[in-house]
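Every chain is numbered from 1 and lettered A, B, ... according to where its sequence line falls, protein lines coming before strand lines. Because only heavy atoms are used, hydrogens play no part in the values below, and waters and symmetry mates are left out as well, while side chains stay in.
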Amino acid sequence: MAKNLVIVESPAKAKTIEKILGSDFEVKSCFGHIRDLEKDDMGIDIQNNFKPKYAVPEDKEKIVKELKKLAKDTDEVWLATDEDREGEAISWHLCEVLGLDPHTTKRIVFHEITKPAIERAVQQPRLLDMNLVNAQQARRILDRIVGFELSPVLWRKMSMRNSLSAGRVQSVAVRLIVEREREINAFNAVSSFRVEAFFTAKDPQGKSMSFKAEGPGRFKTAEDAEKFLTQCIGAAYTVKDIQVKPGKKSPAAPFTTSTLQQEASRKLGYSVSKTMLLAQKLYESGKITYMRTDSVNLSDTALTDIKQAIDKNWGEKYHQHRKFKNKNESAQEAHEAIRPTYMENSSVDDSDTKRLYDLIWKRTIASQMADAELEKTIAKIDISTNHEELTASGEVLKFDGFLKVYMESRDDEDLTDEEEQEGVLPPLQVKQVVDLKEMKATERFTRPAPRYTEASLVKKLEELGIGRPSTYAPTITTIQKRTYVEKRDKEGVKREFRILVLKADKINKLTDAENTGAEKSKLFPSDLGMIVTDFLNQYFDSVMDYGFTAKIEEEFDEIAHGKKVWNKMLNEFYQPFHQDVANTLEKAERVKGERFLGDDPETGKPVVARMGRYGPMIQIGKAEDEEKPRFAKLKATQSIETISMADAMELFRLPRALGMFEDQEVTVNIGRFGPYAQHDKKFYSLKKEMDPYTVELDEIAPLIVEKRTAKDERTIKIFEKEKIQILKGPYGPYIKQGLKNYKIPKERIDHAADITVEEAKAIIEDVKANPPKKKAPARKKKTE
DNA sequence: CAGTGAGCGAGCTTCCGCTTGACTT
């Protein structure tokens, strides 16, 4: 038994630190928080100054028991949880649960897992900071109050039966997506004409080179653009002025959780949860530092390591020492930036993981490399027939610096037409005459802000100070699980644009077409998301305010600095908030999100789009009418807010009868699980590309045949009389009787085809006698 | 697996932030 017990949060960290500290220290992990508020009565005694009621969750009982035993048998316990609000609270909970005295127990912290940092920490222990702990308790209690008082309001006031939820973070995340969608829907594209002139000029060797120049501003109408081109007929073009300016580019800071998620999304197309899963693997195998961090800091040992790698690979002049500062004020910086643990270490097996590792490696290296040096050339070209001038600009890379390894990519929202890639200009001289090949005036349209991707939403949330590195990915999952938001693609629509071409002193008018509005893997709000957001905005504007989190974070900081009392702060928040909850419960109407579309031309009955119990739908006629109303479900891509009368009526064309196949009728419809065909009492899901409104019989027939053969292939053996089947599933062979499935014992799995009826029966009886353990949700208590 | 759509009411759901693990019928 070691003399000292050190407790950290992460088990991977525990292993590394144990090696550094040696045999006098045993290092254990508590796996994050070990206590949480009870679920009953919110776990808060509001009348009694918001006194929290904590409990050890079921899935933490085992580790708590183990820590208790170790703490008892050791001379001294050291609390080494992360140095932030949550970490301080975890240490305090450890004191409470392990029976340690918070006034004497040693508390140590380090921001990096390096030998000097840890040895230094052990020499300078401090005590628990109860102010910081209280700031965390205030944070936790406020979130519980908001979540557990708002969610039930939704259950009462929304007409849909989902398990709805609301919270300080998720509801604002949904709001961002809803508002962006409406901005896009309300957007009117305005067009203007941009002039580009294509020239040739001779270089000193007499070789002809072509280059491009931009026109003077933009023309609002085709007439203005044509007028300008007409003026240019027969003109001579002379270089009037050349300016050469040096420029530079600097590398981006090393990765934090949020920037890693953004770059992995843009460069590798990973979802935020995929990025975090792969990063976790890299962390656990010791390849990278901790992946949930908001710090851009690199440890001194890392800096030395990185410098060595740069010097070795590219030479000293590529190295530049840099210290990055966090832009984000809410950052708590308990860890380092995300970086490789050793720059030398680069063998990663799995290809997806390797691509992420390479990204981290390059970003880390680049962050300590020299600026890239550029030379920007701007040439003004005079037009002899009018007073206008054209501008040609070019860029030459003089020294590549960090660009040798890494260039940060951008969200398309940051890109404007002006920032398109600069080309290289031929070596021009003032007074040189250049030859115009052609001049084009192209119609261009303004674009609305793009929809959020998972990663750009994380970026926005971080800017607003909402959420933490450990919650970005789960938050994105939650709002999709609640069906407030859906990630999907959107097909673009064709749009024509005009081009005026001046060539050989003649003007030609052309039209071309482009695809516009196409989106890939973007977040779209559902009708439910919109309705819930509108409701919350109407009754709980303070919590829904984008500045709400920032405002209460300031107060948490004041608590942490001992300038404010935590339960007083909570009371100031709670009184008006709870009043809003009570008022809303009493006064607000049940929300249906109804929108009137028009009258049905056939019957004259009103047609409305609204939210039903099972989702958005169209209703013709009223419930109180003698004839029952007709209903149709909206397609996944349609929404109550934007659907047209014509599209709504179109939905009533289902179910469709397609004709007979093998003497049985084939019909198509859309069900709970999407479009399907029905034939001989059996169901067949339509393929993704099949549209139930237009699909033909000869497309369905192969589907029916295909399913039959697939079933044959899945079947290993059938015992007709006993209704027992031996089937091949995704996890290997299994036995099916009636509708129930039974697992085949390991030792028989390889010989599944040889199983006899008796054997199969025995296996079924056996499984029935010893039912496999169900993986019960960890938080639920067993009632048996 | 392929229904439904009004209203009532039983019994259920729900937050944010720390951290990994279990293992398919």
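- Annotation: side-chain contact (heavy atoms from CB on, under 4.5 Å) contacts of A:Glu66 (sequence neighbours excluded): A:Lys28, A:Ile63, A:Leu70.
- For B:dT19, the OP1/OP2 oxygens have a side-chain nitrogen or oxygen of A:Arg292 closer than 4.0 Å.
- Taking only side-chain nitrogens and oxygens, A:Gln280 comes nearer than 4.0 Å to OP1 or OP2 of B:dT20.
- To the nearest angstrom, P of B:dA6 lies 5 Å from CZ of A:Phe631.
- When the nucleotides B:dC18, B:dA6, B:dC16 are ranked by their closest atom to the side chain of A:Glu9, B:dC18 comes out on top.
- Residue A:Thr471 has no polar side-chain atom (N or O) positioned under 4.0 Å from OP1 or OP2 of B:dC16.
- A straight line from OH of A:Tyr54 to P of B:dG17 spans 15 Å, rounded to a whole angstrom.
- Residue A:Val169 places its side chain closer to B:dC16 than to any other of B:dT20, B:dC15, B:dC16.
- For A:Ser151, no side-chain nitrogen or oxygen approaches OP1 or OP2 of B:dT13 to under 4.0 Å.
- Residue A:Leu634 contributes atom CG, which lies 16 Å from atom C1' of B:dT4 at whole-angstrom precision.
- Listed by residue number, the members of residues 141-148 of chain A with any heavy atom below 4.0 angstrom from DNA chain B are A:Asp143, A:Arg144, A:Gly147, A:Phe148.
- Shown here are the side chain to side chain donor-acceptor pair (under 3.5 Å) partners of A:His679, two or more places apart in sequence or in another chain: there are none.
- A:Met544 is linked by a side-chain contact (heavy atoms from CB on, under 4.5 Å) to A:Ser171, A:Arg175, A:Thr533, A:Leu536, A:Asn537, counting only residues two or more places apart in sequence or in another chain.
- Among the nucleotides B:dC16, B:dT19, B:dG5, the one closest to any side-chain atom of A:Pro11 is B:dT19.
- Of all nucleotides listed (B:dT20, B:dC15, B:dT14), B:dC15 comes nearest to the side chain of A:Gln170.
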For DNA chain B, what string of dots and brackets results from 5' to 3' when Watson-Crick and G-U pairs need both distances under 3.5 Å, crossing pairs get [ ], and pairs with another strand get |?
-> .........................
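- In the set B:dT20, B:dT19, B:dG17, the nucleotide with an atom closest to the side chain of A:Asp82 is B:dT19.
- Listed nucleotides: B:dT20, B:dG17, B:dA6. Nearest to the side chain of A:Glu86: B:dG17.
- For A:Arg468, counting side-chain heavy atoms from C-beta on, the closest listed nucleotide (B:dC16, B:dC18, B:dT20) is B:dC18.
- The CD1 atom of A:Ile90 sits 7 Å away from the P atom of B:dT19 (whole-angstrom rounding).
- Mapped onto DNA chain B by nearest heavy atom, A:Lys60 and A:Ala632 fall at different nucleotides, with A:Ala632 at the one closer to the 5' end.
- Mapped onto DNA chain B by nearest heavy atom, A:Asn669 and A:Asp36 fall at different nucleotides, with A:Asn669 at the one closer to the 5' end.
- Which of B:dC16, B:dG3, B:dC18 sits closest to the side chain of A:Tyr676 comes down to B:dG3.
- Counting distance only, with no hydrogens placed and no angle test, the side-chain atoms of A:Arg139 and the base atoms of B:dC16 include a donor-acceptor pair under 3.5 Å.
- Rounding to whole angstrom units, OH of residue A:Tyr472 and C1' of B:dC16 are separated by 13 Å.
- B:dA22 and B:dC18 have their P atoms separated by 24 Å, with the value rounded to a whole Å.
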Verdict with reasoning, A:Glu86 to A:Thr81, per side chain to side chain contact (heavy atoms under 4.5 Å, CB included) | CA-CA 9 Å; A:Glu86 299 296 326; A:Thr81 52; over 6 Å; no
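- Of the candidates B:dT14, B:dA2, B:dC18, the closest approach to any side-chain atom of A:Ser685 belongs to B:dA2.
- A salt bridge is defined here as a Lys NZ or Arg NE, NH1 or NH2 lying under 4.0 Å from an Asp or Glu carboxylate O, and A:Lys605 with A:Asp600 fails to meet this definition.
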Quick one: which protein N/O atoms are closer than 3.5 Å to N/O atoms of nucleotides 7-11 of chain B? Pair and distance per line, please.
from  : atom 1 : to       : atom 2 : distance (Å)
B:dG9 : O6     : A:Arg161 : NH2    : 2.6

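- Here the nucleotide nearest the side chain of A:Tyr290, chosen from B:dT13, B:dT19, B:dT20, is B:dT19.
- Using a 4.0 Å cut-off between charged side-chain N and carboxylate O, A:Asp82 and A:Lys13 make a salt bridge.
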